[in-house]
Amino acid sequence: MLLKVKNEGDFLRQVLIAGNWKMNKLIDETEEFCREFLPLVEDISKVEVLICPVFTSLYPMQELFKGSKVKIGGQDAFWEPRGAYTGEISPAMLLDAGCSYVIIGHSERRQIIGESNVIVNRKIKAAMEAGLNPILCVGETLQERENQRALEVVKEQLTESLQDIDLGEKPLVVAYEPVWAIGTGVNASSDDAREMTGFIRKHLARLYNEEIAAATRILYGGSVKEDNIRDFLAEEDVDGALVGGASLKANSFARIIRAGEDG
Ligand code: PEP
């Protein structure tokens with residue numbers, strides 16, 4: 001059965017469908033998307049909808065989404081609030097542009113820019129302190145999976161990225177994104193997603209406690225499309241999706257969201 005709102009004990013975990021646009025779309029393309037997208041999702045009430053565009057599109061997007069329930073987020077944020085950090089953007093600046101979420105530790109940043117768990121940890125702390133909801137991305141490479149190291153790698157990413165972070169008051173979203181499934185068209189199987197999201201929740205319970213683990217939303221990401229989203233959302237520990245390529249087209253992203261809404 002596809003659950004729209006996951007209910008575990010006293011905790012409700014609202015399904016979150018988040019779009020990660022990566023380095024795509026100019027401002028006029030963003031505006032075109034928003035005009036097409038809004039009417040397609042205006043009746044969505046159960047699913048939380050989020051789009052993380054490029055920084056230059058944040059402000060125009062928040063203007064166009066005013067009055068709607070669609071939220072916007074950044075794809076990264078630095079750990080310092082301001083200063084001589086050429087090219088960086090602070091959590092407060094994202095809030096100023098209308099963001100409520102920020103993606104931290106996406107595998108493209110880990111692999112291409114070289115972000116470590118230590119950096120990810122500093123960024124999560126800063127985002128939380130500023131009042132942004134971080135989406136912490138974790139996931140193994142193909143080689144790590146083939147070497148039977150997937151669980152160990154994800155465990156280490158979680159433990160080190162969350163070091164000294166109190167989740168008692170501040171909610172966290174974790175996105176499980178196997179690197180080999182991102183942008184490849186090869187999605188993880190539901191079995192793989194079930195095993196890893198269940199493992200993530202158990203590890204959160206070990207790091208914190210059962211209540212915090214039960215309240216934390218865990219997303220699956222990696223080649224999510226309208227024809228596989230239902231399989232992922234049907235998994236007990238999958239509370240939504242982080243969607244790359246398929247979030248760039250208003251129609252396909254709206255159909256993924258509707259699958260969560262109507263499930
Ligand atoms: C992503 O970038 O987080 C992602 C999951 O991309 P895609 O859906 O294109 O695989």
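Just so you know, ligand 1 is whichever comes first in the structure, and atom 1 is the first atom listed for that ligand.
Contacts with ligand 1 closer than 4.0 Å are made by side-chain heavy atoms of Asn20 only, the backbone lying farther away. Under 4.0 angstrom from ligand 1, the non-hydrogen atoms of Ala181 all belong to its backbone.
Polar contact check, Glu108 against ligand 1: no nitrogen or oxygen pair lies under 3.5 Å apart. Between Val243 and ligand 1, no N or O atom pair is found at a separation short of 3.5 Å.
In the hydrophobic clustering of ILVMFWY residues, with side-chain heavy atoms under 4.5 Å counting as a link, Val138 and Leu16 come out apart. Criterion: ILVMFWY side-chain heavy atoms under 4.5 Å apart, direct or through other members. Under it, Leu167 and Ile103 are not part of a common hydrophobic cluster. Tyr208 and Leu136 fall within a single hydrophobic cluster, where Ile, Leu, Val, Met, Phe, Trp and Tyr are joined by side-chain heavy atoms under 4.5 Å apart, directly or via other members.
In summary, the atoms of ligand 1 found under 4.0 Å from a heavy atom of Gly183, numbered by their order in the structure, are 7 (P), 9 (O), 10 (O). Ligand-side atoms of ligand 1 in range of Gly222: 5 (C), 10 (O), range being under 4.0 angstrom from any heavy atom.
At the shortest separation from atom 3 (O) of ligand 1 among protein heavy atoms lies Glu177 OE2, 2.7 Å. The shortest contact between atom 1 (C) of ligand 1 and any protein heavy atom is with His106 NE2, 3.3 Å. The single protein non-hydrogen atom nearest to atom 8 (O) of ligand 1 is Gly244 N, 2.8 Å, given as residue, atom name and distance. Nearest protein heavy-atom neighbour of atom 9 (O) of ligand 1: Gly245 N, 2.8 Å.
Contact record, Tyr220 with Ala181: OH-CB, 3.7 Å, taken as the closest heavy-atom pair. Nearest heavy atoms, Pro60 versus Ile27: CG-CG2, 3.9 Å.
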*With side chain to side chain donor-acceptor pair (under 3.5 Å) as the test, would you mind laying out the steps for Ser57 and Glu31 before giving the verdict?*
CA-CA 8 Å; Ser57 283; Glu31 288 173 346; over 6 Å; no
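Every heavy atom of Ser107 sits 4.0 Å or more from the atoms of ligand 1. Ligand 1 lies out of reach of Lys225, whose nearest heavy atom is not under 4.0 Å from it.
Applying the 6.0 Å contact sphere to CD of Glu32 captures no more than 12 heavy atoms from other residues, nucleotides or ligands.
Aromatic ring orientation, Phe78 versus Tyr85: tilted (interplanar angle from 30° to 60°).
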